[in-house]
Visitor: 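Mind having a look at this structure? Questions to follow.
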There are 2 protein chains.
Amino acid sequence: MSATNNGVPGGMSVELDMPVTAEEHASCPVTDVLRRVGDKWSVLVVVVLGRGPKRFSQLHRGIEDISQRMLTRTLRGLQRDGLVDRTVYPTVPATVEYALTDLGRTLLGPLSVLTAWAVDHRPDIEEARVRHDAAGNPGADHGVSRA
Amino acid sequence: MSATNNGVPGGMSVELDMPVTAEEHASCPVTDVLRRVGDKWSVLVVVVLGRGPKRFSQLHRGIEDISQRMLTRTLRGLQRDGLVDRTVYPTVPATVEYALTDLGRTLLGPLSVLTAWAVDHRPDIEEARVRHDAAGNPGADHGVSRA
DNA sequence: CGGCATCCTGACCGATACTG
DNA sequence: CAGTATCGGTCAGGATGCCG
């Protein structure tokens, strides 16, 4: 982002109205990436694999809250996107090892930035959330269910 | 990253087995944050608001693919988490302005890193995806539908 | 050990319609 | 203009059970 832009409130909006336009509407790929990484487990798996190759069981143990189904699914998706590499050893009970690819490794940087932000500002978010909830607001549920 | 770790495959895993353990299991807040930011519109709204305060209509116009419902919902969520600020002007037809809070603004940095990565590696991902798909793999659908 | 198949629930998201 | 309410579709994701 080289958006060396303004900061002016609601007054004159120059080209600030256009449909997010070309460059910054980099949101197309961004949304795409977020939908891959934004799921419940992908990030976790990538981070864990960032510490070195692991076997299926190791990953399953290392995350623990994940089910085989989700682990397999996440791994498949990551593999499909060229982020992880799968190696099968024709041993007796079958041994499979997963590892980050070069591409997958490049994700670790941006991810660490985001995780750092998350860790750093989680309390603020939670505080704001509690305050908002404590106010006259109808609660956290904003309208999906509620009979 | 600072993870100057090993690279050894399935051999000796020192403390690499623990449930992601304390520090790096920053995944608790991370997951939390990702579920807020990982949805379809939050990032987009934050980025657009990063260019300055906007009114509801402006946002609606600026993103265009979003419905009022989703825009409202996204804004509510962001507001609840203290990322955006809502200001109502008691004019005749009612005027509301949304703006990023300080907290919200701190997100712009990490977000830009991630978006940069996304833009930079999208082609790689897509290529890997196509290749994976072109191989003997059963296709993109990894098992949800498919009668 | 590693993985796939099936069923089911709930969250997310979109289109439409109606209110202040 | 700004927002809520309702309906319906789609999909992530959890539980279980079986196969190599």
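Order of the sequence lines fixes the chain letters, A, B, ..., with proteins taken first and strands second; residue numbering starts at 1 for each chain. Scope of the values below: all heavy atoms of this structure, side chains included, with no hydrogens, waters or symmetry mates. From a predicted model like this one, the values you see are computed outputs, not experimental measurements.
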Visitor: What is the distance from CG of B:L59 to P of D:dC1, rounded to the nearest Å?
Guide: 14 Å

Visitor: Is the shortest side-chain N/O distance from B:Y98 to OP1 or OP2 of D:dC1 below 4.0 Å?
Guide: no

Visitor: Using the rule given for salt bridge (Lys or Arg N to Asp or Glu O under 4.0 Å), can you reason through B:D39 versus B:R73, listing the C-alpha separation, both sets of side-chain angles and the distance that settles it, and then say yes or no?
Guide: CA-CA 11 Å; B:D39 70 358; B:R73 260 163 154 307; over 6 Å; no

Visitor: For B:Y89, does its backbone N or O pair with a side-chain atom of B:T95 as donor and acceptor, under 3.5 Å?
Guide: no

Visitor: Under 4.0 Å, counting only non-hydrogen atoms across every strand here, what does B:R86 touch: a base, just sugar-phosphate, or nothing?
Guide: sugar-phosphate

Visitor: Would you say the side chains of B:R61 and B:Q58 form a donor-acceptor pair under 3.5 Å?
Guide: no

Visitor: Does D:dT4 have OP1 or OP2 sitting under 4.0 Å from an N or O in the side chain of B:R76?
Guide: yes

Visitor: From CZ of A:R73 over to P of D:dA15, roughly how many Å is that when rounded to an integer?
Guide: 15 Å

Visitor: So B:T72, base contact, sugar-phosphate only, or nothing? Heavy-atom distance under 4.0 Å.
Guide: base

Visitor: Can you tell me how far C1' of D:dA5 sits from CG of B:L71, to the nearest Å?
Guide: 17 Å

Visitor: How would you summarise protein contacts on nucleotides 14-20 of chain C per nucleotide, using B for base, S for sugar-phosphate only and - for none, with heavy-atom distances below 4.0 Å?
Guide: BB----B

Visitor: Using the side chain to side chain contact (heavy atoms under 4.5 Å, CB included) definition, which of the options B:T74, B:L111, B:L75, B:L83 pairs with B:S42?
Guide: B:T74

